[in-house]
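Notes to accompany the following structure.
Proteins get letters first, then strands, A, B, ... in listed order; numbering begins at 1 in each.
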2 protein chains.
Amino acid sequence: MGGILSTILDVEKESGVSKSTISRFLHGNSVTDENRVKIEQAIKKLHYKMNPIASGLKSSKTFTVGAVIPDITDSFFPPIIKEFERCMSENGYNVILSDYGNDADREIKQLEMLSDKKVDGLVVATSNTKGDHIRACLNENLPVILLDRLFPDLDCDSITVDNFSATYEAVCECIKLGHTNIGAVYGHFYTDGERIRGLQKAMKDNGLKPDPDKMLKLQLMEEAPEESIAKLLDMKDAPTLLFCSNVYLGIGALKVRLQRNLNIPNDISVLVFDDIATFPNHDYISYIKPEFSNITQPLTEIGKYAAELLLERVKNPHRKYEAVNIELKTRFKLTGSVAKLIKT
Amino acid sequence: MGGILSTILDVEKESGVSKSTISRFLHGNSVTDENRVKIEQAIKKLHYKMNPIASGLKSSKTFTVGAVIPDITDSFFPPIIKEFERCMSENGYNVILSDYGNDADREIKQLEMLSDKKVDGLVVATSNTKGDHIRACLNENLPVILLDRLFPDLDCDSITVDNFSATYEAVCECIKLGHTNIGAVYGHFYTDGERIRGLQKAMKDNGLKPDPDKMLKLQLMEEAPEESIAKLLDMKDAPTLLFCSNVYLGIGALKVRLQRNLNIPNDISVLVFDDIATFPNHDYISYIKPEFSNITQPLTEIGKYAAELLLERVKNPHRKYEAVNIELKTRFKLTGSVAKLIKT
DNA sequence: CTGTTAGCGCTTTCAG
DNA sequence: CTGAAAGCGCTAACAG
């Protein structure tokens, strides 16, 4: 056992069937029953397993795809990657994980490296604001699925969520509850922009004027959100509702709340885009009452649709296709963290 | 641009240097300066990139390794995988992630699949109680690094932490503070066993007799820890100190605390093996005072040492080696969650 | 449906 | 240090 591994040539000799026929059989093409039996017996006897490297050399398919993400320790990604990997491996594909550590240049390098490595496809959660590196892959006929991002001038498949409309709807609900003085903290990513746009549209459509002094944009990873949130809280004309456009900001709000021992929603109402407790082993957060009202992204679904779309692309390597954007629905959960300011 | 990619043959023609020499040059062997220049120029002109599949066919090296883990959404793994991947990719290796979803049989299948795929090495956090599937890899000359697990009858490299001695030390500290009535909840894994062994030895060495009725073993994933913890709390002779042998149990304790609004340490003192807030975006836990006293595993280091050891193995494929076990040191943090029952 | 015949692109003896 | 030659194991026309 172990050591000598047999090749298709050994199977040819053992079975008396030519290796082309064996190869065809191995790829699911039909052969005569007689040959099938001979081949199967020989394979079993020799413990033959196809060498995927040799196979890939001619066919230039590696049955390997890359998943390129900014940070696997960001709780957003593991559920996505988990489901993505599950679907891909169910279909015989392996997933190379590439964590570029939020370094936009490193992301570009990794994409190139994976392309050189001849992966069959890529899913990427990009931190770059330009899509040239993505375009380079596409040009080399390497399918890419973008996660959570859209480039206006790039014809690339993508999976996103309804950032704009979900925020719009959620904020409308809050306005119905009587909130007219709304503050927000938001980040510098595409998704933050969409969400804040939804918030502003909701205000305008309800006859309110967003106050620029109460919409604080921060460079995530550089500025701690606590300060900005505190600033909002300490205004003479402090907002009655705080919108946090992503989970970091929501966690910032949670920290401020715990630090100052705030009463939510009496001191301030809170609405967060994203779920703070995305990890199974962080569900204890639900015991800290009231939970923040939030807009939850379907992380597992994102992974699933990314896999399905990518599989479609890699299985039909030569078919020309129109890029599609799959926009998934979020779920809005209104909790006691948003006060009812008027009787309804 | 894109499309036609050049081969080593093109470089041969362009440079006038034979492809063997080019190949050698590409692998870092020395060539004459004259040839080096010619080759470099041709490569640049043709945008030549080596095809790793063709390269791997002859050399049977894929510069790809597998990381096989039970659940990437378990907050224990992302920091390990992140660092592991960083180190490997720094050395030109890619990491195939395989999440077997805590399914021991699936783990075996994945190992076989990765072996068939000709990865150069594996790091695996196994859920199996027998190591036959690991042995199969080793027998095929595929290096494996085990994470957090040791098989007595298997000569396999591994990275672990000082489960036994760290628990021993920590419990000794608590005993010094006056705790003689100690309860524990623990899981069914190797690591849980080591830890509980450390606890019991600490008690015995200090003249205490561990009470079996207060040492509750549970099947994780099947039983919720809250019940067992509640049981301990509700005993007439309830322990003054609760030891939780892993993070799930620690989270269980946190839940019970939040549910019952317990005063820690007045109602009970708590000591947890593992850090609840392993995720960067879950550090808000530190605002819930007092933090649990805990024994923290150096997750990033685990990933780093796994990578270093695996690199050593894959870079010297033919060298026979003695399996080593690298045992890393945990960090004990005593907080206000453990009461001082006697003046010191 | 089958076997023959060329390779895929690179590595690796082997002489020189 | 170099080049010629012989594959690595499998796939993919091609003719039958």
Separation of atom [atom1] in [X] from atom [atom2] in [N], rounded to whole Å:
X	N	atom1	atom2	answer
B:Ile8	C:dT12	CD1	P	12 Å
B:Lys19	C:dT11	NZ	P	10 Å
B:Asp10	C:dC8	CG	P	11 Å
A:Lys58	C:dA6	NZ	P	13 Å
A:Leu9	C:dA6	CG	C1'	15 Å
A:Lys117	C:dC10	NZ	P	16 Å
B:Leu5	C:dG9	CG	C1'	11 Å
B:Met50	C:dC10	CE	P	8 Å

If you walk 5' to 3' along DNA chain D, what is the first nucleotide with an atom under 4.0 Å of a heavy atom in chain A, and what is the last?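 Answer, 5' to 3': D:dG9 to D:dA13.
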May I ask you to say what [X] touches in the nucleic acid, namely base, sugar-phosphate or nothing, with a heavy-atom cut-off under 4.0 Å?
X	result
A:Phe25	nothing
A:Ser60	nothing
A:Thr32	sugar-phosphate
A:Asn29	nothing

So does B:Glu301 pair up with B:Lys304, basic N to acidic O under 4.0 Å?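 No, B:Glu301 and B:Lys304 are not salt-bridged.
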Any ion pair linking B:Glu40 and B:Lys44 (charged N to carboxylate O, less than 4.0 Å)?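 No.
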Given DNA chain C, 5'-ward residue of the pair B:Ser20 and A:Gly16, judged by closest heavy atom: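 The answer here is A:Gly16.
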Pairing donors with acceptors under 3.5 angstrom, does anything connect the side chains of [X] and [Y]?
X	Y	answer
A:Glu112	A:His133	no
B:Thr21	B:Asn35	no
A:Asp120	A:Thr62	yes

5'-most contact on DNA chain D: B:Ala54 or B:Glu12, nearest heavy atom basis?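 Closer to the 5' end of DNA chain D: B:Glu12.
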Begin with the C-alpha distance, continue with both residues' side-chain angles, and end with the deciding distance and a verdict on side chain to side chain contact (heavy atoms under 4.5 Å, CB included) for A:Ile108 and A:Asn128. CA-CA 8 Å; A:Ile108 296 177; A:Asn128 279 277; 3.7 Å; yes
For the pair B:Glu327 (side chain) and B:Thr160 (backbone), establish whether a donor and an acceptor sit closer than 3.5 Å, ignoring hydrogens and angles.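 Absent.
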Atom OH of B:Tyr48: over 12 foreign heavy atoms under 6.0 Å: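 Count over threshold, so yes.
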Just N and O in the side chain of B:Ser23: are any of them under 4.0 Å from OP1 or OP2 of C:dC10?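 For C:dC10, neither OP1 nor OP2 has a side-chain N or O of B:Ser23 closer than 4.0 Å.
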With a 4.0 Å limit, can you tell me whether A:Ser30 has a side-chain N or O closer than that to the phosphate oxygens OP1/OP2 of C:dC1?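 Yes, such a contact exists.
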Would B:Lys61 count as a cation-pi partner of B:Phe63, with NZ or CZ less than 6.0 Å from the six-membered ring centre and within 45° of the ring normal?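 Yes, B:Lys61 and B:Phe63 form such a contact.
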Between the axis at one end of the helix from C:dC1-D:dG16 to C:dG16-D:dC1 and the axis at the other (five pairs apiece), what's the angle to 10 degrees?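 Answer rounded to 10°: the end axes differ by 20°.
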Indicate the atoms forming the closest heavy-atom contact of A:Leu154 with A:Gly131, along with that distance.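 Where A:Leu154 meets A:Gly131 most closely, the heavy atoms are CD2-O, 3.9 Å.
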